[in-house]
Amino acid sequence: MGSLMIENIQAAPKGDPEIEVLIGKGKNQVTIDQIDTERVGHYAAEDADITLRLHQTLWPKLESEDSLAKLFQTLEVPLVPVLSRLERNGVRVDSEMLSRQSQELAIGMHELEQQAHGSAGHSFNLGSPKQIGEIFFNELKLPVISKTPKGAPSTAESVLVELADQGHELPALILEHRGLSKLKSTYTDKLPGMVDPDTGRVHTSYHQAVAATGRLSSSDPNLQNIPIRTEAGRRIRQAFVAEPGWKMVAADYSQIELRIMAHLSEDKGLLSAFAAGEDIHRATAAEVFAESLDEVTPEQRRSAKAINFGLIYGMSAFGLAKQLGIGRGAAQEYVDLYFERYPGVREFMDRTRKEAHEKGYVQTLFGRRLYLPDINSRNHQRRTAAERTAINAPMQGTAADIIKRAMLAVDDWIQTDKPPARPLMQVHDELVLEVQADYLDVACESLRRHMESAAELAVPLVVGLGVGDHNRLCHLAIGQFFIWTAHDGHP
DNA sequence: AACGGCTCGC
DNA sequence: CTGCGAGCCGTTC
């Protein structure tokens, strides 16, 4: 069974560990030096108290800054046993369903392979970007759309889409084949083999000290990248099931990063849009494209959504143009118009960039820091990359802080009240629980309350709830299919 | 084993 | 020339 402690321990040199994990209480307490690292998961499984201590180098550094020491002691350390419980709960998967999907995917891939070989006039490996590049750009003389960082002509998804749109058959076949191949190799083939024979469930490992922004990461298996975008992908979610008599419940923060941007920037327009409970992309479209809310077209909303995401990622007008497939001038007009309508956001971004250059780091609302050694680099590419990170990290990191606080609150509720509910997964802005069907309404309301009160921002924190259909996770986390509950907890 | 290229998620 | 991850396959050493 995976365990977050193992990751932290392995990072420390043996004999002089920078991080010490104590398991058990009083006389029963042992340190990591006294036990077999392989058995840490086992000790944790006995629900022992887990204590995390920092030693010589790290602790003085943390202690010198109040906000960092506080974050460590009140958030990260208490989270250790919460993550341990999350990992031990595990998720039930329907292995037979996945195996059937593997067979279907194999058939689909074989058909596509035959067609692709026919189209190319000879057989080749559809999994080899190198061979595809040879056929595309040497044999078929297709135009080179973009290049990889190493200078080779790219055959990435966006390139294949563009070539397919130009009417070329082979790129479309490869595109479809890649999609199926990814689903089969990563999910439908792999997941059944990762079911723990003792529990009949898959137990991921959450990593607390990997992502620079403070997010968690997940591995073996990674439960934070289960497909959802395509129909074939969503079918994989159907294999994540609740035990009989229980239901899967997913609760996700609505637009948490944009809400954090509103809070940090104190932009009047953004604050009032969220206060009014507006669809934020629609509201942005109305502002930028000078229409009333009702007159926003789907196209305009799509553009506004791209602008909003671009802002969170520190994207330039050039990047926006590429994303929207419009000219650079038009994209620049959109950006200018946006900042005219939301001047507080521009000031926030300028302020953040300035702070990064002066201090060498940026921080989240709760004082988590990200140091940016490249922020004053003479290398333009490195410097601008660091500036984009400086813009993104406070928002991504604050969202991570908030959901960690929510996880502590939810865990405390479950440990104290002992409702028939178990947290199973965290996916950055979403918590997934398994809840006894009879208890669904009460659990959903408690869950929502704990998540929405995890932080006090200048805008409301809003949580969307989804309940699995026929105990399955299939319809969860697809915004437009949610049955949104107002605030009464009744779908 | 390490890396490049690609694709899955938020 | 949009942020943060994990993991697969092919290729190279």
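Since we're looking at a predicted model, the values are computed, not measured.
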Atom-pair distance ([atom1] on [X]; [atom2] on [N]), nearest Å:
X: A:Leu180; N: B:dT7; atom1: CG; atom2: P; answer: 13 Å
X: A:Ile391; N: C:dC1; atom1: CD1; atom2: C1'; answer: 15 Å
X: A:Leu372; N: C:dC4; atom1: CG; atom2: C1'; answer: 13 Å
X: A:Leu183; N: B:dC6; atom1: CG; atom2: P; answer: 18 Å
X: A:Gln224; N: B:dG9; atom1: CD; atom2: C1'; answer: 8 Å
X: A:Asp252; N: B:dC10; atom1: CG; atom2: C1'; answer: 10 Å
X: A:Glu257; N: C:dG3; atom1: CD; atom2: P; answer: 13 Å
X: A:Asp189; N: C:dG7; atom1: CG; atom2: P; answer: 16 Å

Output yes when at least one side-chain N/O atom of [X] is less than 4.0 Å from OP1 or OP2 of [N], else no.
X: A:Thr148; N: B:dG4; result: no
X: A:Ser154; N: B:dG5; result: no
X: A:Arg215; N: C:dC4; result: no
X: A:Arg229; N: B:dC8; result: yes
X: A:Thr389; N: C:dC4; result: yes
X: A:Ser217; N: C:dA6; result: yes

Nearest atoms (heavy-atom pairs only) where [X] meets [Y]:
X: A:Gly269; Y: A:Tyr342; value: C-CE2, 3.9 Å
X: A:Leu424; Y: A:Tyr206; value: O-OH, 3.9 Å
X: A:Gly319; Y: A:Met315; value: C-SD, 3.6 Å
X: A:Met349; Y: A:Ile391; value: O-CD1, 3.6 Å
X: A:Gln224; Y: A:Leu216; value: OE1-O, 3.6 Å
X: A:Ile260; Y: A:Ala399; value: CD1-N, 3.3 Å

Among [options], find the nucleotide with the atom closest to the side chain of [X].
X: A:Tyr313; options: B:dG9, C:dG7, C:dG3; answer: C:dG3
X: A:Arg388; options: C:dG3, B:dC10, B:dG5; answer: C:dG3
X: A:Asn222; options: C:dA6, C:dT2, C:dC4; answer: C:dA6
X: A:Thr186; options: C:dC1, C:dC8, B:dG9; answer: C:dC8
X: A:Arg178; options: B:dT7, C:dA6, B:dC10; answer: B:dT7
X: A:Asn225; options: C:dG7, B:dC10, C:dG5; answer: C:dG5
X: A:Ala152; options: B:dG5, C:dC1, B:dC10; answer: B:dG5

Contacts under 3.5 angstrom, residues 168-187 of chain A side chains, donor-acceptor by atom type, not counting sequence neighbours:
from: A:Glu169; atom 1: OE1; to: A:Ser119; atom 2: OG; distance (Å): 2.9
from: A:Arg178; atom 1: NH1; to: A:Thr155; atom 2: O; distance (Å): 2.6
from: A:Arg178; atom 1: NH2; to: A:Thr155; atom 2: O; distance (Å): 3.2
from: A:Arg178; atom 1: NH2; to: A:Thr155; atom 2: OG1; distance (Å): 2.8
from: A:Lys184; atom 1: NZ; to: A:Asp189; atom 2: OD2; distance (Å): 3.0
from: A:Ser185; atom 1: OG; to: A:Ser181; atom 2: O; distance (Å): 3.0
from: A:Thr186; atom 1: OG1; to: A:Lys182; atom 2: O; distance (Å): 3.1
from: A:Tyr187; atom 1: OH; to: A:Asn225; atom 2: O; distance (Å): 2.4
from: A:Tyr187; atom 1: OH; to: A:Asn225; atom 2: OD1; distance (Å): 3.4
from: A:Tyr187; atom 1: OH; to: A:Asn225; atom 2: ND2; distance (Å): 3.4

For [X], report the nucleic acid contact type (base, sugar-phosphate, nothing); a contact means any heavy atom under 4.0 Å.
X: A:Glu157; result: sugar-phosphate
X: A:Ala385; result: nothing
X: A:Lys150; result: sugar-phosphate

Q: Tell me yes or no: between the side chains of A:His428 and A:Gln396, is some donor less than 3.5 Å from an acceptor?
A: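 No, no side-chain donor-acceptor pair sits under 3.5 Å.
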Q) Pick the nucleotide of DNA chain C nearest each of A:Thr213 and A:Pro221; which residue has the one closer to the 5' end? A)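 Between the two, 5'-proximity favours A:Thr213.
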Q | Separation of the P atoms in B:dG4 and C:dC1, to the nearest angstrom | A |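 Pairwise P distance, B:dG4 against C:dC1, rounds to 16 Å.
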Q: Using side-chain contact (heavy atoms from CB on, under 4.5 Å) as the criterion, point out the one residue from A:Asn89, A:Val249, A:Asp411 that pairs with A:Pro423.
A: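 Going through A:Asn89, A:Val249, A:Asp411 one by one, the side-chain contact (heavy atoms from CB on, under 4.5 Å) with A:Pro423 is satisfied by A:Asn89 alone.
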Could you run down the sub-3.5 Å N/O contacts of the protein with nucleotides 9-13 of chain C?
from: C:dG10; atom 1: OP1; to: A:Asn125; atom 2: ND2; distance (Å): 3.1
from: C:dG10; atom 1: O3'; to: A:Ser128; atom 2: OG; distance (Å): 3.3
from: C:dT11; atom 1: OP1; to: A:Ser128; atom 2: OG; distance (Å): 2.7
from: C:dT12; atom 1: OP1; to: A:Lys130; atom 2: NZ; distance (Å): 2.7

